[in-house]
Peer 1: 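Here it is, the structure in full.
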Amino acid sequence: MKPMTDINRIRAMMTDEERFLVSNARDISSRAADGVFAATGFLSPREKTILMSFGIGLEPAPVIGGEDSDAKIGFPLARLAARDEIGFFWGGYPEAERTLFCALPAYALYSLDAVRDGDDTAVVTLSDLAALAKDELSELIVPLFVKASGYISLTHRDYMGALLGLGIERSVLGDIVLTDNGAIVFAHRKIADFIRTDLSEVGRDHVKVSALDYNDVSVPPRAFETLTGTVASARLDAVVSEIANCSRETAKEMIRRGLVEQDHFPASDTDSPVSAGDVISVRHEGRVKGGKFIIDSCSELTQKGRVRLSVRKYI
């Protein structure tokens, strides 16, 4: 995730619930500093962005752990060891979008071999941190397998609609990951048994729900459609025009009407710069091909001076 830099803009758009979330996350961090593991419910990517804009929680990044060492996605051990608490985001697997904000007391690091060996160049991965709290996390997160019949093609929206149709709040649901014969749903333990007994139909298909072992769950890679093209400039309206297959004027109008989000917040400026790592969501409307997109690259120029665009679209 590319960090948001306009903190004042984020704060201006925050709701009262999101301000309470910040206060709650700070309290969770304080409890961890006093030696107690604590966590929130499942957070949306927007809520995660808000917490990180306030300096709450760590985001993994490529780190080189020593000489002749390949870069790993994680945190330098020396950086973690200097903290009183360690706040991180975990949703049941490393690539989860909907996550808990979790906070560990710093002394938990002494369970790592690298700490005991005094290896200050070591890199701690997100999975390493989750493993330090596996007992606590397994009591909070329950992976459920929703087995479909296979005769009807079901989408993420079908599963989400069926779950919310049971009266379940979104904060107790993590990611929904489609598989060849159903879906894996990450749920909070307090709602998992209810889902297992009451979810019997998704879309027009009858389904069966069973609990998976938290420690053994295998999540298939997320599916994307890769899109490439060129734009006149790395401006939001030009990029939206390309990825949504609409005119530049239509793209500008959609941005002005609040139908486009950039990094999980409503976009306000048509000329907002776009760069690698941005997440752009475009509302479906009329002939506009909306969806959610991750910008992989948007800087290299062609011989004609246009900007090459490489994008992954969520399927």
Side-chain angles (χ1 to χ4, degrees), residues 1-15 18 43-54 59-63 71 73 89 95-98 155-157 175 178 221-315:
M1 177 188 298
K2 184 175 70 64
M4 298 277 292
T5 55
D6 191 350
I7 305 304
N8 291 332
R9 178 170 172 264
I10 291 178
R11 293 181 177 182
M13 290 190 287
M14 286 171 58
T15 65
E18 289 166 343
L43 306 177
S44 67
R46 170 184 168 119
E47 290 169 326
K48 177 181 175 181
T49 299
I50 288 172
L51 292 188
M52 293 192 64
S53 74
F54 280 84
E59 178 73 2
V63 178
I73 302 297
F89 298 94
E95 297 79 22
E97 286 199 337
R98 290 186 61 83
T155 65
H156 184 280
R157 182 176 296 184
D175 281 6
L178 301 184
R222 187 180 295 276
F224 293 97
E225 177 185 0
T226 300
L227 306 175
T228 59
T230 63
V231 292
S233 64
R235 286 171 38 130
L236 183 60
D237 57 352
V239 172
V240 170
S241 173
E242 177 69 19
I243 63 180
N245 194 28
C246 63
S247 69
R248 189 84 170 260
E249 287 305 313
T250 297
K252 289 180 179 180
E253 180 62 21
M254 293 188 70
I255 294 168
R256 295 190 187 104
R257 291 172 54 202
L259 302 181
V260 176
E261 290 187 355
Q262 185 175 12
D263 287 335
H264 317 297
F265 284 83
S268 56
D269 299 321
T270 59
D271 61 351
S272 175
V274 175
S275 58
D278 282 359
V279 178
I280 296 176
S281 298
V282 181
R283 188 90 54 86
H284 290 275
E285 185 174 79
R287 296 183 179 180
V288 174
K289 295 182 179 180
K292 185 176 179 181
F293 308 83
I294 299 175
I295 307 299
D296 285 329
S297 64
C298 188
S299 58
E300 182 184 352
L301 296 179
T302 68
Q303 291 183 345
K304 294 183 178 181
R306 290 177 65 83
V307 178
R308 297 185 191 277
L309 185 65
S310 178
V311 179
R312 281 174 293 156
K313 180 180 181 181
Y314 283 76
I315 297 178

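Since the structure is predicted, the reported quantities are computational estimates derived from the model, not experimental observations.
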Peer 1: Charged N to carboxylate O under 4.0 angstrom, R9 versus D263?
Peer 2: no
Peer 1: When rounded to the nearest 0.5 angstrom, what is the spacing between CZ in R256 and CG in L259?
Peer 2: 12.5 Å
Peer 1: Go through it in stages, so that I can follow the logic: the residues are R222 and D175, the test is side-chain contact (heavy atoms from CB on, under 4.5 Å), and I'd like the CA-CA distance, side-chain angles, deciding distance and then a yes or no.
Peer 2: CA-CA 11 Å; R222 187 180 295 276; D175 281 6; 3.4 Å; yes
Peer 1: State which residues pass salt bridge (charged side-chain N to carboxylate O under 4.0 Å, His left out) with R308; sequence neighbours excluded, sorted by chain then number.
Peer 2: E300
Peer 1: Shortest non-hydrogen contact from K292 to S281?
Peer 2: CG-OG, 3.7 Å
Peer 1: Taking salt bridge (charged side-chain N to carboxylate O under 4.0 Å, His left out) as the test, write out the residues that go with E225, two or more places apart.
Peer 2: none
Peer 1: Taking all non-hydrogen atoms of both residues into account, name the closest pair between P266 and M13 and its distance.
Peer 2: CD-SD, 4.1 Å
Peer 1: The criterion is salt bridge (charged side-chain N to carboxylate O under 4.0 Å, His left out); which residues satisfy it with D296, sequence neighbours excluded?
Peer 2: R312
Peer 1: Suppose we screen for side-chain contact (heavy atoms from CB on, under 4.5 Å). Which residues come up paired with V307, at least two apart in sequence or across chains?
Peer 2: V231, C298, L301
Peer 1: Who passes side chain to side chain donor-acceptor pair (under 3.5 Å) against D269, sequence neighbours left out?
Peer 2: none
Peer 1: Would you mind listing every ring-ring contact (aromatic ring centres under 6.0 Å, His included) that reaches into residues 289-315, with sequence neighbours excluded?
Peer 2: F224-Y314
Peer 1: Apply side chain to side chain donor-acceptor pair (under 3.5 Å) to S241 and list each qualifying residue two or more places apart in sequence or on a separate chain.
Peer 2: none
Peer 1: Only counting residues at least two apart or in another chain, list the ones meeting side chain to side chain donor-acceptor pair (under 3.5 Å) with E285.
Peer 2: R257
Peer 1: Quick one: CD on E18 to CZ on R46, what's the gap to the nearest 0.5 Å?
Peer 2: 4.0 Å
Peer 1: How long is the gap from CE on M254 to OG on S247, to the nearest 0.5 Å?
Peer 2: 10.5 Å
Peer 1: Partners of R248 by side chain to side chain donor-acceptor pair (under 3.5 Å), sequence neighbours excluded?
Peer 2: D237
Peer 1: How far apart are the C-alpha atoms of R235 and S272, what are their side-chain angles, what is the distance that settles it, and do they pass the side-chain contact (heavy atoms from CB on, under 4.5 Å) test?
Peer 2: CA-CA 6 Å; R235 286 171 38 130; S272 175; over 6 Å; no
Peer 1: Who passes side-chain contact (heavy atoms from CB on, under 4.5 Å) against H156, sequence neighbours left out?
Peer 2: M160, I176
Peer 1: Please report the interatomic distance CD(E261) to CG(D278), rounded to the nearest 0.5 Å.
Peer 2: 13.0 Å
Peer 1: Taking salt bridge (charged side-chain N to carboxylate O under 4.0 Å, His left out) as the definition, give me every residue that meets it alongside K289, ordered by chain and number, with sequence neighbours left out.
Peer 2: none
Peer 1: With sequence neighbours left out, write down each residue that passes side-chain contact (heavy atoms from CB on, under 4.5 Å) with T230, or none if nothing qualifies.
Peer 2: T302, R306
